[in-house]
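Below is one structure; the comments refer to it alone.
Sequence lines set the chain letters: A, B, ... in the order given, protein chains first and strands last, and positions in each chain run from 1.
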Amino acid sequence: MRCNVVQRRLLESQDPSRPAAEVLHHLAVCGLCREWQRRIVHIERNVLLLPVPESAAPADLLARGQPAGNGRSAAVPPRRGVGGARSRAAVLRVALGAAAAVLLALSWWALQPRPARPTSGQPKKEPFVRDPLVAQLVNHDVQLADAKNVGERIQLLARLADDLRAETEQVGNVARTEDLVKLADLYGKVVREGIVRRAEGLERKQRTGVLDPIADQLERAGNRAQQLSVQYPSASEPLLAMAAASRKGKDRLRDLIRGKT
Amino acid sequence: MVSNQLRRDERTSAPHPRVCLEAFDSDRLLDDDHALVEQARGGDRRAFGLLIERYWYRLYRWLYHLTHHQHGAEDLAQEAFLKAFAALRSFRPGSNFRAWLFRIAYNGFVNQWRQDVRVRQPFPEHLAAPGEGPAEQAMSEEGLRLLARAVGRLPPEFRAAFLLRVEEGLSFQEIGAALNVTEATARWRVFKARQKLMNVLAPQLDREKP
């Protein structure tokens, strides 16, 4: 095949990064056309990075999703109600599982060697709960245990993930890589061992309403971590780990929503 | 033409959900949509609310690239959802809800915006400076500006088709359905968009060549 034909085929293809076999054959031996392909793919991938001002669905539009006459404020986005003590107990397991994961992570964190302070005598060990991030996590744990309804737990879980993500974002360009690795690991534990594991025990009919917003949250967190891995190249490894944990968590929740075990 | 500056507190969003650069799982989304649409057709408004939450940002983002105007894009997106909600009974079960929704939105754009000279917002000031990461991952800030300008200068019908392909991962057939053209026309529009972008951006791509 001639170069001009191959280049045209790439422009016409559905996915230039996955060309047909005969095009691949040519690309294997032609550096010029490989560069052509690289450029098309590069352009398209960067289109996804073009910034756009934030926007969220307006409250009054979402309120149209409310059942008529339920008296809820239009400012509150609708969430599936959970009825019955048995259902509430099942949902509680999801939240408590997340709390357990936080405790597990905190225990793990507490066991990590803290850097000794240079003093003339014995290095004084700081109580780990003074660490502001850990203090936030302890607070989350307490709030989760006290949470009374589904909406509150979902918001707390979302805030927990957001706190970890925000912490990483704030320190991404100044923290040591090993500290970022610990943050990423902590985040992964909360997602895997807290949210996902307990979500697997949730009754099917509750899954969409409870898990859908968490899946969206994980998707956004993963996208943000992916973006930051480009912005902070020295921290790309832990940030990509966070992105991967978010994507896996999101995929698993979507599978559960669809009824796949 | 007066240019508006974005308010300093106006945040720039995260990139498109497809930015993870893995194959976008359209099939999963399609299955989920079918279930929610059926529930919504049966009168379950909460199901429709979930569809709004799922598609709001993606529809708005596409409309923003078409209009270059935040509030205009939001208005069009809201209008599209309201029309879709009102027309749910006419939606053919099993067909592509996403393409249908985008088609409603595109019709609104064509009717209201295409001929309209509106104030267009400049490239956001708060663009996060990309790091030095692998060249495949991100252009320089200057490169992204040029890309944004080049995409913005594509004829609207090319731009609409190109963005549906790149950002939404729609097939040419689905793009045709969304834009009310044949599959061949959809393919041609994407081809022309890519061709123009490659030509316009060639000097910048030469500079940024790894």
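In this structure, no portion of B:L51 lies under 4.5 Å from any heavy atom of chain A. Within the 4.5 angstrom heavy-atom criterion, only side-chain atoms of A:E35, from C-beta onward, approach chain B. For B:F172, the parts sitting under 4.5 Å from any heavy atom of chain A are the backbone and the side chain alike.
For the side chain to side chain contact (heavy atoms under 4.5 Å, CB included) with A:S55, the lone residue among B:E74, B:R61, B:H71 that qualifies is B:E74.
In this view, A:R2 and A:N4, A:V5 satisfy the side-chain contact (heavy atoms from CB on, under 4.5 Å) rule, not counting sequence neighbours. Applying the side-chain contact (heavy atoms from CB on, under 4.5 Å) test to B:K83 and every residue at least two apart in sequence or in another chain returns B:E79, B:I104. Residues forming a side-chain contact (heavy atoms from CB on, under 4.5 Å) with A:A215 (at least two apart in sequence, or on another chain): A:K250, A:L253, A:R254.
Two residues are said to be in side-chain contact when any heavy atoms from C-beta on lie closer than 4.5 Å; A:E44 and B:F162 meet this criterion.
When all heavy atoms are compared, the tightest approach of B:E167 to A:V47 is OE2-O, 3.6 Å. Contact detail for A:L50 and B:L144: the closest heavy-atom pair is CD2-O, 3.6 Å. Residues A:P53 and B:Y64 come closest through the heavy atom pair CD-CZ, 3.4 Å.
For residues 187-197 of chain B, the interface with chain A (any heavy-atom pair closer than 4.5 Å) comprises B:R187, B:F191, B:R194, B:Q195, B:L197, sorted by residue number.
Using modelled atom types, no side-chain atom of B:E53 and backbone atom of A:D212 make a donor-acceptor pair closer than 3.5 Å.
Counting heavy-atom neighbours within 6.0 Å of B:R153 CZ, excluding the residue itself, gives a total of 12 or less. For CD of B:Q173, the number of neighbouring non-hydrogen atoms (other residues, nucleotides, ligands) closer than 6.0 Å is 12 at most. No more than 12 heavy atoms of other residues, nucleotides or ligands shown are found within 6.0 angstrom of CD on A:E237.
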Report task. Apply side-chain contact (heavy atoms from CB on, under 4.5 Å) to the pair B:D206 and A:R39, showing each step before the final yes or no. Result -> CA-CA 10 Å; B:D206 286 338; A:R39 289 186 175 203; 2.5 Å; yes
**Report entry** Residues B:Q70, A:V52; criterion side-chain contact (heavy atoms from CB on, under 4.5 Å); working and verdict
**Finding:** CA-CA 8 Å; B:Q70 180 185 357; A:V52 167; over 6 Å; no
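Here OG of B:S140 is found 9.0 Å from CG of A:N46. Values are rounded to the nearest 0.5 Å. How far CD1 of A:I40 is from CG of B:L205: 10.5 Å, rounded to the nearest 0.5 Å. Once rounded to the nearest 0.5 Å, the distance linking CD1 of A:I43 with CG of B:L201 reads 5.0 Å.
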